[in-house]
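Each remark here refers to the structure printed beneath this line.
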Amino acid sequence: MKEKCWNDPNPKEWKAEELSQGRIIDYKAFNFVDGEGVRNSLYVSGCLFHCKGCYNAATWSFKAGVPYTQELEEQIMTDLAQPYVQGLTLLGGEPFLNTGILIPLIRRIRQELPEKDIWSWTGYTWEEMLLETPDKLEMLSLIDILVDGRFDIKKKNLMLQFRGSSNQRIIDVQKSLAAERVVIWEKLNDGDHSFEQVSRDHLI
């Protein structure tokens with residue numbers, strides 16, 4: 001039996017309403033790296049997964065960054081409305097531990113800009129998410145693409161598309177919910193060769 005790790009939460013153990021401080025680390029408009037097409041990316045504050053080798057450990061504290069404001073939301077909506085922008089990406093930190101600020105934003109996008117898609121990264125696996133709190137399930141139901149799972153430095157591969165380690169998946173959320181099983185994004189296109197990144201301490 002697999003030994004439980006401190007950063008493997010029990011179902012419904014981590015609650016956004018108890019953890020989130022309603023803060024963000026950064027907002028980056030018009031980028032090409034956080035999903036398909038031209039995207040606007042919102043990096044929220046706070047994560048309890050603390051994956052070894054995380055490229056964004058500065059986002060772990062829920063008190064880091066600045067408060068999410070209505071002014072920022074208006075800027076996000078303005079930027080998202082540009083015809084060349086495909087959608088919004090939610091990263092962090094852990095987006096699903098910041099549902100209090102993200103669900104209202106997503107609902108607004110769905111109402112005002114329904115043609116835009118929404119991607120989110122999460123440390124939760126799809127299977128874990130289905131056992132989670134109602135707010136996390138609501139947010140899941142409102143997005144298009146989920147990149148799931150904790151970053152595993154032992155499985156780091158530079159040739160993977162939009163993710164850092166081979167355990168992570170790019171999931172078509174709406175198709176998966178309809179099929180009641182994981183459906184991988186149909187445009188998945190990893191590199192032809194695997195270049196695993198193994199740190200020195202894993203060679204000892």
Side-chain angles (χ1 to χ4, degrees), residues 2 7-20 22 24 33-44 46-49 51 68 73 76-77 80-81 85-152 155 160-190:
K2 180 184 176 183
N7 66 345
D8 289 341
N10 292 316
K12 304 179 182 179
E13 179 180 357
W14 297 346
K15 296 180 172 63
E17 65 267 24
E18 296 175 358
L19 294 166
S20 177
I24 68 150
V33 297
D34 295 328
E36 183 183 34
V38 179
R39 311 196 65 78
N40 300 324
S41 300
L42 183 63
Y43 293 77
V44 295
C47 182
L48 296 179
F49 287 110
C51 302
Y68 179 83
E73 182 169 309
I76 292 171
M77 295 301 294
L80 200 56
V85 174
Q86 180 168 327
L88 178 70
T89 298
L90 307 172
L91 312 96
E94 174 53 59
F96 285 86
L97 292 178
N98 284 277
T99 55
I101 59 176
L102 295 181
I103 288 177
L105 171 63
I106 296 170
R107 286 176 180 164
R108 183 177 176 187
I109 293 168
R110 289 304 184 211
Q111 181 176 359
E112 298 180 21
L113 298 168
E115 73 280 7
K116 305 296 181 176
D117 65 21
I118 299 173
W119 288 46
S120 181
W121 267 247
T122 183
Y124 289 99
T125 65
W126 176 267
E127 292 76 15
E128 289 171 329
M129 189 68 73
L130 295 183
L131 301 175
E132 271 301 323
T133 52
D135 58 316
K136 295 187 184 78
L137 292 173
E138 179 182 359
M139 185 166 138
L140 181 68
S141 73
L142 292 170
I143 68 174
D144 299 289
I145 300 293
L146 184 76
V147 182
D148 83 325
R150 308 182 225 335
F151 171 70
D152 186 341
K155 298 178 180 179
L160 298 173
Q161 186 181 25
F162 301 134
R163 60 209 197 281
S165 57
S166 58
N167 59 296
Q168 297 171 309
R169 299 169 292 186
I170 306 178
I171 298 172
D172 187 313
V173 172
Q174 299 308 315
K175 288 182 179 178
S176 297
L177 291 174
E180 298 184 343
R181 62 177 177 82
V182 170
V183 177
I184 299 299
W185 182 47
E186 64 181 10
K187 297 181 183 178
L188 181 67
N189 184 27
D190 288 335

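Since the model is a prediction, treat every value here as computed from it, not as a measurement. This chain uses plain numbering: 1 for the first residue, then up along the sequence.
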With Phe96 via ring-ring contact (aromatic ring centres under 6.0 Å, His included) - residues at least two apart:
none
To the nearest 0.5 Å, how far apart are OG1 in Thr89 and CD in Glu36?
10.5 Å
Calculate, to the nearest 0.5 Å, the distance between atoms CD1 and CG belonging to Ile76 and Leu88 respectively.
6.5 Å
Taking Lys116 for the side chain and Leu80 for the main chain, is one N or O donor matched with an acceptor at less than 3.5 Å?
yes
Might you point out which heavy atoms bring Gln174 and Leu140 nearest each other, and give the distance in Å?
NE2-O, 4.3 Å
Which heavy atom of Pro9 sits nearest to which heavy atom of Arg150, and what is that distance?
CD-NH2, 4.0 Å
May I ask you to check whether over 12 heavy atoms, not counting those of Gln111, lie within 6.0 Å of atom CD?
no
Taking it one step at a time, do Leu113 and Met77 satisfy side-chain contact (heavy atoms from CB on, under 4.5 Å)?
CA-CA 8 Å; Leu113 298 168; Met77 295 301 294; 3.8 Å; yes
Determine, step by step, whether Leu131 and Tyr124 satisfy the side-chain contact (heavy atoms from CB on, under 4.5 Å) criterion, reporting the C-alpha distance in whole Å, the side-chain angles of both residues, the deciding distance to 0.1 Å, and the verdict.
CA-CA 10 Å; Leu131 301 175; Tyr124 289 99; over 6 Å; no
Looking at side-chain heavy atoms only, is the closest gap between Thr125 and Arg169 below 4.5 Å?
yes
Show the nearest heavy-atom pair for residues Trp121 and Gly35, with the distance to one decimal.
CH2-N, 4.1 Å
Could you give the distance from OG1 (Thr99) to CG (Leu142), rounded to the nearest 0.5 Å?
11.5 Å
What's the verdict on side-chain contact (heavy atoms from CB on, under 4.5 Å) for Gln86 and Val38, showing C-alpha distance, side-chain angles and the deciding distance?
CA-CA 6 Å; Gln86 180 168 327; Val38 179; 5.7 Å; no
Which heavy-atom pair separates Gly22 from Asn98 by the least distance, and what is that distance?
N-OD1, 4.5 Å
What are the two closest non-hydrogen atoms of Asp172 and Ile145, and how far apart are they?
CA-CD1, 4.0 Å
In the structure I gave you, are the side-chain heavy atoms of Trp119 and Ser41 within less than 4.5 Å of one another anywhere?
no
Taking atom CD of Glu17 as the centre, report whether more than 12 heavy atoms of other residues, nucleotides or ligands fall under 6.0 Å from it.
yes
Output every pair passing salt bridge (Lys or Arg N to Asp or Glu O under 4.0 Å) with a member in residues 135-144, not counting sequence neighbours, ordered by first then second residue.
Arg107-Glu138, Arg110-Asp144, Glu132-Lys136
Output the distance between atom CG (Asp148) and atom CG (Asn167), rounded to the nearest 0.5 Å.
8.0 Å
With sequence neighbours left out, write down each residue that passes salt bridge (Lys or Arg N to Asp or Glu O under 4.0 Å) with Asp117, or none if nothing qualifies.
Arg39
Decide yes or no on side-chain contact (heavy atoms from CB on, under 4.5 Å) for Leu90 and Met139, but give the supporting numbers first.
CA-CA 11 Å; Leu90 307 172; Met139 185 166 138; 4.1 Å; yes
Any side-chain heavy atom of Tyr68 within less than 4.5 Å of one from Leu42?
yes
Value rounded to 0.5 Å, distance of CG in Leu97 from OG1 in Thr122
7.5 Å
Let me confirm one number: the CG-CG distance from Leu130 to Leu137, rounded to the nearest 0.5 Å.
7.0 Å
When you measure from the side chain of Glu94 to the backbone N and O of Leu48, does any donor-acceptor pair fall under 3.5 Å?
no
